[in-house]
Number of protein chains: 2
Amino acid sequence: MKLKKYLNVLKRTKLFSGIGEDEILGMLSCLQAKKLELKKGDYVYRAGEHLSCVPLLVEGRLHIQKDDFWGNRSIINVIGVGELFGESYIAPDSGPLLNDVVAAEDSVVICLDANRVITTCSNACRFHQMVVQNLFYEVSERNRRLVQKLGHMAQRTTREKLISYLSEQSQKHKSASFEIPLNRQQLADFLSVDRSAMSNELCKMRDEGLLTFNKNSFELL
Amino acid sequence: MKLKKYLNVLKRTKLFSGIGEDEILGMLSCLQAKKLELKKGDYVYRAGEHLSCVPLLVEGRLHIQKDDFWGNRSIINVIGVGELFGESYIAPDSGPLLNDVVAAEDSVVICLDANRVITTCSNACRFHQMVVQNLFYEVSERNRRLVQKLGHMAQRTTREKLISYLSEQSQKHKSASFEIPLNRQQLADFLSVDRSAMSNELCKMRDEGLLTFNKNSFELL
DNA sequence: CACCTTTTGTTGTAAATGCAACAGACTTGT
DNA sequence: ACAAGTCTGTTGCATTTACAACAAAAGGTG
């Protein structure tokens, strides 16, 4: 396998937390890991497909997004290195994917066989059970993050949405200055507002001394 | 225990799916089940608390909601009979609750000890492992529903939000006519719009022949 | 029935938003 | 260095929304 080069990433993921390098390599073959390489802009999956594997991002960045009939785009979620995505579609009656998954940069994904992940196997994988628990924790965390995003979206004005989102980012980075993984258009799609109106509001907030920014770098004051 | 009267509900829950009545009763004591009775309007939990149990609703209806500094209310989610809530807070590093949980009607909740739920015990609970898997499936489903709600919230206009929500309800009930579990104010809080503006829009849509409604009953045309 | 409370619908106005169009800054590739 | 393309900020305008205040309808209680 050519997955060894990602071992450094894998051992830091939530999924394999508490599991040693050697065991991870063993589990990768037990879970029938397959590598998927993607160029920026490639679709990893499209809405309507059925997932039979659990994908894990080991390089790059992905967007979970949806385009409606009129071409309006919503970015539901941003997936970073080490994160799973599509874990919620392992359940047998979960139906097809509701959203597209697109590579926001050149990316590498490792796919694990869905059935083998949830079915604790009888052979040597001593740590399989731990993986199942980690998986549960990861779905739980995504759950909490989705609720947090709902918190942003529930804000009525563009300004409130921005403050809500930037506050969260600041907390996440434990610093008043931080970089966000989205450009203006993407941030607008993420918060479900008009880009120009948002740009306008950002500048107003800067002029009022609430924050400063430069490209993707922000600082709250 | 006085939990026998809820056995009919419990055996239909996702959590205990595939598990017989006798086993359920056994597990309830193994999981240190405790009953919690609530009057309409009571707070089950408040944002900031730490959960040490997994609550399961067996009677009534709950709202997961949040009031901001200015008194604006957002209803994040509606919990019906048989559903878990707060499952995402079992994980050890999950921090405090972000939202309030309030009884929308007189309700009864059964609390299961969080540690005992995820730690498959050594004694007689043969079905414990199955419960862990069911738990995972249930969090997954909630996850997918949250994404669906994000889909409603991402709509730009009140009308689009209404159509998005009502379409989902129609699909869920597999019928063009159905009842929703929210009154006007609650629906507005759920979709994060102004009640009067929403009321207005609903009437316009009715006048245009898109739908009819009477109190909580809707029919799409 | 009369009274009170809750829920729902209606209207007007100020404010915020979406949209379109454009200009300047910055990138990228040749 | 140039051209083409992308990203960001700016402006004006029509539409939509939030907010407040009120009217009408429905429900509950003595």
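The structure presented is a predicted model; accordingly, all values stated were derived computationally and were not measured. Per chain, numbering begins at 1; letters A, B, ... match sequence-line order.
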[N] [atom2] sits how many Å from [X] [atom1], rounded?
X        : N      : atom1 : atom2 : result
B:Glu160 : C:dG18 : CD    : P     : 11 Å
A:Leu182 : D:dT8  : CG    : C1'   : 15 Å
B:Arg206 : C:dG9  : CZ    : P     : 7 Å
B:Gln185 : C:dG9  : CD    : C1'   : 13 Å
A:Asn214 : D:dC7  : CG    : P     : 16 Å
B:Leu202 : C:dT10 : CG    : C1'   : 14 Å
A:Leu187 : D:dC7  : CG    : P     : 14 Å
A:Met205 : C:dA16 : CE    : C1'   : 15 Å

#### Entry: With sequence neighbours excluded, residues passing side-chain contact (heavy atoms from CB on, under 4.5 Å) with B:Asn72
B:Asp68, B:Trp70
### Message
One thing to verify: whether B:Glu105 and B:Lys40 come together as a salt bridge, which I'm taking to mean a side-chain N less than 4.0 angstrom from a carboxylate O.
### Response
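No, B:Lys40 and B:Glu105 are not salt-bridged.
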### Query
Taking NZ, NE, NH1 and NH2 as the nitrogens, is one of them in A:Arg73 or A:Asp67 under 4.0 Å from a carboxylate oxygen of the other?
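Counted as a salt bridge, because a side-chain N and a carboxylate O are separated by less than 4.0 Å.
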## Note on the structure
With sequence neighbours left out, the residues meeting ring pair (Phe, Tyr, Trp, His ring centres under 6.0 Å) with B:Phe213 are B:Phe218
### Message
My understanding is that only residues two or more places apart in sequence, or in another chain, count here; which of them pass ring pair (Phe, Tyr, Trp, His ring centres under 6.0 Å) with B:Phe16?
### Response
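Scan of B:Phe16 (ring pair (Phe, Tyr, Trp, His ring centres under 6.0 Å), adjacent residues dropped) gives none.
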### Task
Give, for atom CG of B:Leu57 and atom CG of B:Leu36, the distance between the pair rounded to the nearest 0.5 Å.
10.5 Å
### Query
Closer to the 5' end of DNA chain C via nearest nucleotide, is it B:Lys40 or B:Cys203?
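Per heavy-atom nearest nucleotide, the more 5' residue is B:Lys40.
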## Note on the structure
Symbol by symbol from the 5' end, with Watson-Crick or G-U pairs under 3.5 Å, [ ] crossing and | another strand, DNA chain D is ||||||||||||||||||||||||||||||
### Message
Quick test of your reading: applying salt bridge (Lys or Arg N to Asp or Glu O under 4.0 Å), list the pairs with at least one residue in residues 144-171 of chain A, sequence neighbours left out, ordered by first then second residue.
### Response
A:Glu83-A:Arg145, A:Arg159-A:Glu201, A:Arg159-A:Glu208
### Any B:Phe178 side-chain heavy atom under 4.5 Å of B:Leu166 side chain
yes
### Message
Can you identify which nucleotide, out of C:dT8, D:dG9, D:dT8, has its nearest atom closest to the A:Phe213 side chain?
### Response
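Closest of the options to the side chain of A:Phe213: D:dG9.
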### Query
Any side-chain donor paired with an acceptor under 3.5 Å for B:Gln185 and B:Asp189?
yes
### Message
For nucleotides 11-30 of chain D, give me one character per nucleotide, 5' to 3': B if any protein heavy atom sits under 4.0 Å from the base, S if the only such contacts are to the sugar-phosphate, - if neither.
### Response
B-----SSBB------S---
